[in-house]
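Excluded from the calculations below are hydrogen atoms, water molecules and symmetry mates; all remaining heavy atoms, backbone and side chain alike, are included.
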Amino acid sequence: MDHGAWFLVLPALLPILVLSVGPLLYGISLAFTDSQSGRTEPTEWIGLLNFRDLLHDTLFWDSFRIGLLWAVGVTVPQFLLALGLALLLNQNLRFRWLARSLAIIPWAMPEVVVGIMWRLVYNPDAGILNETIRDLGLGDGRDWLTGIGSALPAVIVVGVWAGMPQTTVALLAGLQNVPRELHEAAEMDGAGAWRRFRTVTWPALKPIALAITALNFIWNFNSFALVYVLTNGGPGGRTRLPMLFAYEEAFRYGQFGYAAAMGCVMVALISVLLAVYLVGRLRGGDER
């Protein structure tokens, strides 16, 4: 690349280096130090000591397990529901423009607002969910966000609702790129709706589905604001995602080096899991 090309790329590259690459490298270097809040002595290089302590930190690995349950529990139904909604919105329906506009409303709302709104929905005394349960004679309702068994499922429902629009938009864009002639030809050959979806629609959507599920998994695993507003990791750590755990270590207990080590471990493990997933799906596509 000549000097003129570098000059054109630099305005776009500089913010990435300053706002993304720089903090990432600083965070990695911080993981090998004993950096703490309020420390008067100079920060010292301690090598792999933080990572050694992390290997024996059962609370962190519990949060990592909860993070995986959360990420999978949100990503899978998010994709399935978004696929069904995208297929519906791709039909020639009356007021389709209005339905499409309403479908992306959750995407336009900040996560903090979504969390506050759903806290009101789940309110044990005056929430619309418990009021509906009482009106239907199904019981007295429950405290969804503080129950040991109900907190994580309740938060997963909110995560699915909040993240479904972006998946729907991506899949809907893919559906609109499928030539209608292929569907018409398959219908003339006697193919039913399921067969047309399996042989025409899904092959065209598969690359988009692979990309959006991988991105959703990363986004969901790294969730913070939504769960923080809903439960703050409670009750009893049942919804303490890894990002919440690292946040508490850094800003509640002042263990910046230890929290940075958590971040490095999370990035490494999620990268390995995603690599295995992507390689497996790509190989599966090649075999077929």
Side-chain angles (χ1 to χ4, degrees), residues 1 6 9-72 74-75 111-112 152 155 159 211 213-229 231-234 236-280:
M1 185 180 291
W6 275 112
V9 171
L10 190 59
L13 188 61
L14 192 59
I16 296 175
L17 293 174
V18 173
L19 301 176
S20 296
V21 178
L24 175 63
L25 295 177
Y26 177 72
I28 293 174
S29 66
L30 202 65
F32 297 92
T33 69
D34 61 352
S35 177
Q36 297 179 11
S37 174
R39 183 186 178 95
T40 57
E41 298 83 3
T43 298
E44 296 181 359
W45 181 271
I46 59 173
L48 298 175
L49 186 60
N50 284 328
F51 296 93
R52 187 196 67 182
D53 294 340
L54 198 57
L55 286 176
H56 301 93
D57 191 338
T58 56
L59 292 177
F60 170 74
W61 294 111
D62 282 343
S63 74
F64 192 86
R65 176 184 58 82
I66 293 170
L68 289 178
L69 289 174
W70 154 268
V72 174
V74 173
T75 302
E111 285 189 321
V112 173
L152 185 59
V155 173
T213 50
L215 290 173
N216 282 344
F217 184 83
I218 295 173
W219 289 330
N220 292 327
F221 185 83
N222 291 325
S223 292
F224 173 80
L226 187 62
V227 180
Y228 182 79
V229 173
T231 64
N232 196 19
R238 291 301 193 277
T239 60
R240 184 185 290 125
L241 305 184
M243 288 298 293
L244 278 171
F245 193 88
Y247 169 81
E248 290 179 350
E249 287 294 322
F251 299 107
R252 178 176 294 181
Y253 305 116
Q255 302 294 328
F256 296 132
Y258 192 55
M262 289 182 187
C264 292
V265 170
M266 285 189 287
V267 169
L269 291 177
I270 291 302
S271 298
V272 171
L273 290 174
L274 280 175
V276 172
Y277 166 75
L278 292 173
V279 169

Locate the shortest heavy-atom distance separating [X] from [Y]; write the atom from each residue and the value.
{"X": "N220", "Y": "W70", "answer": "O-NE1, 2.5 Å"}
{"X": "L244", "Y": "T239", "answer": "CD1-O, 3.7 Å"}
{"X": "A259", "Y": "A250", "answer": "CB-CB, 3.6 Å"}
{"X": "L54", "Y": "W61", "answer": "O-NE1, 3.0 Å"}
{"X": "M243", "Y": "S223", "answer": "CB-O, 3.7 Å"}
{"X": "A71", "Y": "T75", "answer": "O-OG1, 2.6 Å"}

If I take atom [atom1] from residue [X] and atom [atom2] from residue [Y], how far apart are they, to the nearest 0.5 angstrom?
{"X": "D34", "Y": "E44", "atom1": "CG", "atom2": "CD", "result": "5.5 Å"}
{"X": "F32", "Y": "I46", "atom1": "CZ", "atom2": "CD1", "result": "10.0 Å"}
{"X": "L241", "Y": "M266", "atom1": "CG", "atom2": "CE", "result": "10.0 Å"}
{"X": "L274", "Y": "L269", "atom1": "CG", "atom2": "CG", "result": "11.0 Å"}
{"X": "L24", "Y": "S29", "atom1": "CG", "atom2": "OG", "result": "9.5 Å"}
{"X": "R238", "Y": "D62", "atom1": "CZ", "atom2": "CG", "result": "9.0 Å"}

(request) Please report the C-alpha distance between T43 and T33 in whole Å, then the side-chain angles of each, then the deciding distance to 0.1 Å, and finally whether the side chain to side chain donor-acceptor pair (under 3.5 Å) criterion is met. (result) CA-CA 7 Å; T43 298; T33 69; 5.6 Å; no

Q: If the plane angle is over 60° it's perpendicular, under 30° parallel, otherwise tilted; pick one for F221 and F217.
A: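 Correct class here is parallel.
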
Can you classify the ring geometry of Y228 versus F224 as parallel (below 30°), tilted (30 to 60°) or perpendicular (above 60°)?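 Rings of Y228 and F224: parallel, under 30°.
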
(message) Given 3.5 Å as the limit, does a donor-acceptor pair link the side chain of D57 with the main chain of D53, or not?
(response)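 Judged by distance alone, no pair lies under 3.5 Å.
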
- Side-chain (N50) to main-chain (A31) donor-acceptor, under 3.5 angstrom: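 At least one qualifying donor-acceptor pair exists.
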
Requested in this report: Apply side-chain contact (heavy atoms from CB on, under 4.5 Å) to the pair M262 and V265, showing each step before the final yes or no.
Outcome: CA-CA 5 Å; M262 289 182 187; V265 170; 5.9 Å; no

Apply side-chain contact (heavy atoms from CB on, under 4.5 Å) to residues L273 and I270 and explain how you reach the verdict. CA-CA 5 Å; L273 290 174; I270 291 302; 4.2 Å; yes

